[in-house]
There are 2 protein chains.
Amino acid sequence: MSTVFAGPFGANVSERAQLPPSLAISTVIFALKPSRAEGKPTLWLPLVRRVKEPFRGQWALPGGPLTAVESLEDAARRNLRETTGLAPEYLEQLYAFGGLDRSSRPEQGAQRVVSIVYWALVRPTEAELLVESERDNVAWHRADTAGHGEGGLAFDHREIVDYALWRLRNKIEYAQIAYHFLGERFTLAQLREVYEAILGRTLDPANFRRQLTATPQIEATDEFLEGGRHRPPRLYRYVGPPTPYPASDHPHPSTLRSTP
Amino acid sequence: MSTVFAGPFGANVSERAQLPPSLAISTVIFALKPSRAEGKPTLWLPLVRRVKEPFRGQWALPGGPLTAVESLEDAARRNLRETTGLAPEYLEQLYAFGGLDRSSRPEQGAQRVVSIVYWALVRPTEAELLVESERDNVAWHRADTAGHGEGGLAFDHREIVDYALWRLRNKIEYAQIAYHFLGERFTLAQLREVYEAILGRTLDPANFRRQLTATPQIEATDEFLEGGRHRPPRLYRYVGPPTPYPASDHPHPSTLRSTP
DNA sequence: TCAAAAGTGTTGAGCGTACACCCATGT
DNA sequence: ACATGGGTGTACGCTCAACACTTTTGA
């Protein structure tokens with residue numbers, strides 16, 4: 001019965017590949033976790049194991065369909081909560097992926113999917129909230145190597161993660177986003193470790209300190225981190241705007257006014 | 001008859017607002033045209049007049065639906081060709097807009113639309129190719145004020161144009177995209193005018209020259225622009241990569257390798 | 001007292017800006 | 001010749017990288 005699958009464009013069953021592309025939302029969630037070998041933190045992200053074809057059994061970015069009653073960002077947040085239990089503070093659109101070969105297994109009857117991908121940063125305390133209930137199907141992976149040893153990540157998700165990594169490395173150089181990896185109070189050494197982990201190079205502690213103390217959004221508290229092996233470092237606090245969109249950076253389109 | 005509008009998800013007429021969001025592609029096309037008053041060029045973009053509700057009679061970005069057999073960028077190019085006759089060299093994804101209030105006329109039965117918006121730059125020679133046949137429904141507008149006097153642009157297109165303007169102004173400061181507004185050969189003064197028009201401020205000719213002559217992608221030809229009122233300026237040529245994605249700038253996701 | 005990290009001072013290179021100045025051409 | 005834009009030289013100020021140095025703690 002051709003009417004069963006008849007859509008607004010009049011396609012029938014044999015033309016299912018001709019259906020209008022469907023929309024999905026996925027998210028690349030970055031967290032910094034100390035690697036066991038060194039004390040140095042590295043970038044990790046949660047992946048979910050696919051329970052359906054295609055790519056059944058392989059790891060994929062958390063995501064799902066977009067419903068009719070939510071904005072794109074709302075959909076990303078809802079999906080994150082449902083699949084991982086996470087509710088990141090920092091969440092920003094990354095890119096819309098819509099290539100024809102995204103599945104890389106162009107099976108007959110597989111519908112074409114356009115994914116609008118978001119990226120997020122979570123603090124260590126948030127990261128611990130990752131759902132443990134179905135822990136076999138949700139797990140942290142190293143951001144740079146996830147899927148390398150195994151059969152690779154599902155779909156084009158390895159490319160997407162690489163792109164998100166590129167964006168993170170770029171953006172951390174000109175936008176104040178590193179704080180989203182840390183708790184409310186932090187030492188400058190901790191903050192420097194964040195930068196070093198993401199940029200992949202060491203930074204001069206002296207110059208780093210000067211740069212950061214000159215930043216108005218960084219506020220020195222009168223507390224110090226006790227218990228270390230040496231001189232206790234001062235704790236700082238970030239007092240900038242809560243949104244991920246400082247004025248001079250990457251404003252969300254909806255916050256823009258007409259050109260003055 | 002509920003079957004008339006029955007789609008793949010079985011929604012009927014009264015539930016049309018619950019249909020999964022549909023996907024459209026739109027493009028903000030920038031060109032630099034000399035304003036009649038001054039000799040200074042200003043930013044213009046082509047808009048199409050809507051012939052259907054909603055926003056019938058108002059100006060909107062060129063765009064259309066995404067078919068099942070084309071990538072997002074292909075869809076943008078095809079749509080540009082069909083609606084405006086233009087084939088820009090520079091074309092890049094801008095943002096995916098998916099707010100619930102995009103129509104700002106939330107009529108009953110209006111389906112929710114997610115727009116993936118691209119932005120493009122065209123040379124003056126390309127810009128002249130804008131279809132004249134149906135000229136009443138396709139016309140150039142000033143990028144900064146389009147829709148101000150009238151009832152405004154359709155949908156959220158005024159916001160989208162502002163966001164594209166913001167992106168253009170940002171990107172021209174760190175990426176080599178200004179050449180896409182000019183012909184193959186150009187004088188440094190012409191190039192400076194492009195920067196001045198987009199940034200909205202004057203630049204020191206001497207320093208601008210030094211900066212640009214120090215750029216390896218800018219190559220001096222042995223030709224000079226004759227016919228001016230004064231000393232003929234040298235013509236230059238841009239010999240950089242043809243794609244809009246230089247390595248250190250904003251690589252297209254699909255060109256990224258895994259982190260080294 | 002010593003090691004190690006916190007924190008300060010100083011220097012030099014590079015770059016962008018401002019601006020004085022010379023050059024070449026049409027009128 | 002002279003006005004005008006093309007094109008060069010130079011000096012100042014700022015930022016950043018490098019690195020020597022002092023301070024403060026735990027062991």
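Keep in mind that what you see is a predicted model, and the values were worked out from it rather than measured. Proteins come first, then strands; the chains are lettered A, B, ... in the order of their sequence lines, and each starts at number 1.
Comparing A/Ala206 and A/Arg229 against DNA chain C, the residue whose closest nucleotide sits nearer the 5' end is A/Arg229. Across the interface with DNA chain D, nearest-nucleotide mapping of B/Ala189 and A/Gly227 shows B/Ala189 to be the residue nearer the 5′ end.
Below 30°, between 30° and 60°, or above 60°: for B/His180 and B/Tyr90 the angle between ring planes is between 30° and 60°, a tilted geometry.
Computed from coordinates, the A/Arg201 CZ to D/dA17 C1' distance equals 11 Å when rounded to whole Å. The CZ atom of A/Phe208 sits 20 Å away from the C1' atom of C/dG9 (whole-angstrom rounding). With rounding to whole Å, A/Arg234 atom CZ is found 9 Å from C/dT8 atom P. Atom pair B/Asp204:CG and C/dC21:C1' shows a separation of 13 Å (rounding to whole Å applied). When rounded to the nearest whole Å, the span between CD of B/Glu173 and C1' of C/dT17 equals 15 Å. Per the geometry, CD belonging to B/Glu226 stands 12 Å off P belonging to C/dT27, to the nearest Å. With rounding to whole Å, B/Phe224 atom CZ is found 17 Å from C/dG26 atom C1'. For A/Asn207 and C/dT8, the CG to C1' distance is 11 Å, given to the nearest whole Å.
Considering only side-chain N and O atoms, B/Arg231 lies nowhere under 4.0 angstrom from the phosphate OP1 or OP2 of C/dC23.
Within the 4.0 angstrom heavy-atom criterion, base atoms lie near A/Arg210. Residue B/Arg209 is in base contact, counting any heavy-atom pair closer than 4.0 Å across all strands shown.
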Problem set entry | Trace of the side-chain contact (heavy atoms from CB on, under 4.5 Å) decision for B/Leu61 with B/Phe155 | CA-CA 10 Å; B/Leu61 294 172; B/Phe155 303 104; over 6 Å; no
For this session: Test B/Lys40 against B/Glu193 for salt bridge (Lys or Arg N to Asp or Glu O under 4.0 Å), laying out the working first.
Result: CA-CA 7 Å; B/Lys40 309 221 173 179; B/Glu193 279 186 338; over 6 Å; no
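A salt bridge links A/Arg167 with A/Glu92: the closest approach of a Lys/Arg side-chain nitrogen to an acidic carboxylate oxygen falls below 4.0 angstrom. Ionic pairing of B/Glu173 and B/Arg201 is present here: one or more N-O contacts between side-chain nitrogen and carboxylate oxygen are shorter than 4.0 angstrom.
In the set C/dG7, D/dA17, D/dT4, the nucleotide with an atom closest to the side chain of B/His230 is D/dT4.
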